[in-house]
Structure formats: structure tokens, C-alpha cells
Amino acid sequence: MNDRVLHQPLGGNAMPRFGGLASMMRLPVVDSPAGLDAAFIGVPLDIGTSNRSGARMGPRQIRAESALLRPYNMATGAAPFDTLQVADLGDVPVNTYSLQKSVELITDFYRPVLAAGCMPLTLGGDHTIALPILRAVAERHGPVALVHVDAHADVNDTMFGERIAHGTPFRRAVEEGLLQGDKVWQIGLRGTGYAADDFDWPRQQGFTVVPAHEVWYQSLAPLMARVRAAIGDAPCYLSFDIDGIDPAYAGGTGTPEIGGLSVPQALEIIRGCRGLNLVGADLVEVAPPYDPTGNTALLGANLLYEMLCVLPGVAYR
């Protein structure tokens, strides 16, 4: 056990949960990654969306709903704040009028975070942001393994002739050598498409594709055992699109698809990442305008906490 004074979420008995600053888990907001083991970062960008915009509001609403979270994971025994120094690094100042400039701003923001040895946990934002984050991650760690939860493969070549959009990040990541293709798992894919190539192209790159309908009514713990065995100790990134979960549970998103994963399956996927050499993770595509209850953002906040709980170095009581 180290002797550092570690940040703790502001407790509900010290300040009412509806009070105080709305940082992620009511952690301190800092302007430098120095000394941090992990950090929450918001990327309020949705100009890469193809259907309903609104994910730019995701980071703010996720933070607001995260006020309900407590530091100890009752189900798994994870106590991340016992051993990790964690804070909220605020938002990337994206250029909301330029997707290309925003992509560059995101990579520039993440470089010093990763250089400081800090593991980024990102609040999206649309899925475009995975590409600039992966660029920074690969600069630091080399090509990475990937656990990608989504209704969509996000491997389009172009969208309206554009090479950068929320449906293209993993095609670009392959082309740029950011991924270890035989260690990429895409889970939850489903919906209608234009051609079989929508899901076959990833398989041709060595990806393992797990369509949602193949795991209906099943525990995903056995699947995650296969994932861990396949990825081994390779540096691994976790990218979780909230639309991987069925819209019955997470309707506040831009491109909903029926027949998706359940919330318990989502928890099994993230908890099943314990033991992987995770170097970062994101939770994207929460679009609060389409869920005025806040339920989708609350789910997103909980999934980000679960990601924190499976990072390397987390203590289990």
C-alpha cells in the first residue's frame, strides 16, 4: 500500500448528492495528469453523428448522474480509490465547427495524459473520438488489442464521402496500424445493413465478431474468458458504445438498434476485462435529449465506474 493521500469521491453524507460540483463521481477537477493513475475526460463532440445529434451533452449529463455512485463495488469487491489516484481532467476543448480540427485537438489532449502514465477513461461524445484517442494510445503503447461493444462495426470506408465520422473509426485504425487485428473483439453487432461486408470486413482483418443474436439469453462470462485468453497481456483498449445495449435500457442514443445486449451482459463484459492490460477505455454515444429520465446517462456513469474498477492496480477488498 502506498502512502499517498488519494482522492476520494465526495460522500453523500458530506454533501447532498444533488449538491456540489458535478464532476465525475464528485472527484476533484484538476488541470494536469501529473501524479494521476487514471482520469475521467469528457469529449463533448457529436458533429460526427449520422442520425440524431446530442452526444455533445453526454459528458455533462453522465457527470451529473454519477453523483449517485459510491467508491466501493459491492458486487466485485473492487475498491479503486484505495490504490489509484483518480481525478476529473475536465473536457477536451473541441472545435464544434470542424471535425478534422477536433480530431487533432483530441489527440493533442491525450498525448500528455498517456505520457504521464495516466489511464484515460473517456466520457463521449460520438464514436468518432475513438480514432484520435487510439492514435495517442498507439503512440504510447504500440498497436493495441481492442474490446469493442457496439451495435455497429464502425468500419465504413466513408460516410457522405468523408473518411472521418462516427461510423469509420475502426477502419481508419486498421489502416493506420493502431490495432492488433487478431486481438480485436466486437460484441453486440446487429441491425440492418447494406451488405454482408458490413460485418465481414472486420472478420477479414482478423477481428472476432460476436453478433448480439448469438448471445441472446446467455451469460457472457464464458465469452469473456475466451477474450482474456486470446488477448493475453497485450495492451488493450475498451471502447463501449451505449447503443450496444438494447434501447429498452438505453434509449438516449443517436442510432438505436433493437435486439441488443442487456445491462447484466454489459456488466459481465466490463467485469470480464479484469486481468487484461487495459491502457484506456471510453463510453460513447450517450445523447441525453432522447432520454429525459436520465437513465441512459446513469447507466453510462455506472459503466465508466465499472471500467475504473477493472483497471490494472485496483485493490479488491
Side-chain angles (χ1 to χ4, degrees), residues 37-38 40 69 72-80 83-84 119-122 124 127 130 134 137 141 144-154 170 179-190 202-203 206-246 249-250 259-285 299-317:
D37 299 305
F40 293 103
L69 295 171
Y72 177 63
N73 192 320
M74 298 291 289
T76 68
T83 48
L84 299 187
M119 295 173 282
L121 297 170
T122 301
H127 223 152
L134 282 169
V137 167
H141 298 285
V144 295
L146 176 70
V147 177
H148 171 208
V149 183
D150 206 324
H152 313 98
D154 291 352
F170 301 112
L179 301 176
Q180 298 185 33
D182 62 344
K183 296 183 185 296
V184 175
W185 290 71
Q186 295 187 305
I187 305 170
L189 305 191
R190 62 188 188 279
R203 294 186 177 102
F207 296 9
T208 303
V209 174
V210 184
H213 68 265
E214 292 187 0
V215 294
W216 284 347
Y217 317 115
Q218 298 177 25
S219 167
L220 297 190
L223 171 67
M224 294 311 297
R226 291 172 53 203
V227 170
R228 291 192 301 274
I231 292 178
D233 61 359
C236 182
Y237 189 81
L238 170 60
S239 189
F240 200 117
D241 189 323
I242 202 73
D243 73 26
I245 301 173
D246 192 87
Y249 309 104
L261 303 175
S262 69
V263 173
Q265 286 178 315
L267 292 172
E268 286 182 314
I269 291 170
I270 298 176
R271 292 173 182 176
C273 289
R274 182 186 178 191
L276 292 175
N277 179 21
L278 289 174
V279 295
D282 63 53
L283 188 287
V284 299
E285 299 282 359
L299 174 57
N302 275 272
L303 295 180
L304 281 157
Y305 168 70
E306 293 283 344
M307 293 174 187
L308 173 65
C309 287
V310 296
L311 291 181
V314 167
Y316 281 72
R317 295 183 192 168

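Worth knowing before you read on, the calculation uses all heavy atoms, side chains too, and leaves out hydrogens, waters and symmetry mates.
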Just to verify, what does [X] make a side-chain hydrogen bond (donor to acceptor under 3.5 Å, both in side chains) with, not counting sequence neighbours?
X: D246; value: none
X: T122; value: Y110
X: Q186; value: H148
X: D154; value: H127

Closest non-hydrogen atom pair, [X] against [Y]:
X: F240; Y: A266; answer: CZ-CB, 3.7 Å
X: H141; Y: V144; answer: CB-CG1, 4.3 Å
X: A301; Y: L69; answer: O-CD1, 3.5 Å
X: G244; Y: R190; answer: O-NH1, 3.1 Å
X: R203; Y: P211; answer: NH2-CG, 4.2 Å

For the [atom1] atom of [X] and the [atom2] atom of [Y], what is their distance to the nearest 0.5 Å?
X: I187; Y: Q265; atom1: CD1; atom2: CD; value: 10.0 Å
X: F170; Y: D150; atom1: CZ; atom2: CG; value: 7.0 Å
X: I245; Y: S262; atom1: CD1; atom2: OG; value: 8.5 Å

- Message: Please check this pair: side chain of D243 against backbone of A151, looking for a donor-acceptor N/O pair closer than 3.5 Å.
- Response: yes
Just wondering, do [Y] and [X] contact through their side chains at under 4.5 Å, heavy atoms?
X: P202; Y: V184; answer: no
X: L179; Y: Y237; answer: no
X: L276; Y: V147; answer: yes
X: N277; Y: C236; answer: no

Show me the donor-acceptor pairs within less than 3.5 Å that the side chains of residues 303-317 make with the rest of the protein, sequence neighbours left out.
from: Y305; atom 1: OH; to: P71; atom 2: O; distance (Å): 3.0
from: Y305; atom 1: OH; to: N73; atom 2: N; distance (Å): 3.0
from: E306; atom 1: OE1; to: N73; atom 2: ND2; distance (Å): 3.2
from: E306; atom 1: OE1; to: R271; atom 2: NE; distance (Å): 3.0
from: E306; atom 1: OE2; to: N73; atom 2: ND2; distance (Å): 3.3
from: E306; atom 1: OE2; to: R271; atom 2: NH2; distance (Å): 2.9
from: Y316; atom 1: OH; to: C309; atom 2: O; distance (Å): 2.9
from: R317; atom 1: NE; to: D82; atom 2: OD2; distance (Å): 2.9
from: R317; atom 1: NH2; to: D82; atom 2: OD1; distance (Å): 3.1
from: R317; atom 1: NH2; to: D82; atom 2: OD2; distance (Å): 3.4

Show every donor-acceptor pair shorter than 3.5 Å between a side-chain atom in residues 214-233 and any protein atom, with sequence neighbours excluded, or say none if there are none.
from: W216; atom 1: NE1; to: G259; atom 2: O; distance (Å): 3.0
from: Q218; atom 1: NE2; to: E214; atom 2: O; distance (Å): 2.9
from: S219; atom 1: OG; to: A221; atom 2: N; distance (Å): 3.2
from: S219; atom 1: OG; to: E268; atom 2: OE2; distance (Å): 2.6
from: R228; atom 1: NH1; to: G272; atom 2: O; distance (Å): 2.8

- Among L278, V279, L121, whose side chain to side chain contact (heavy atoms under 4.5 Å, CB included) with L238 holds? L278
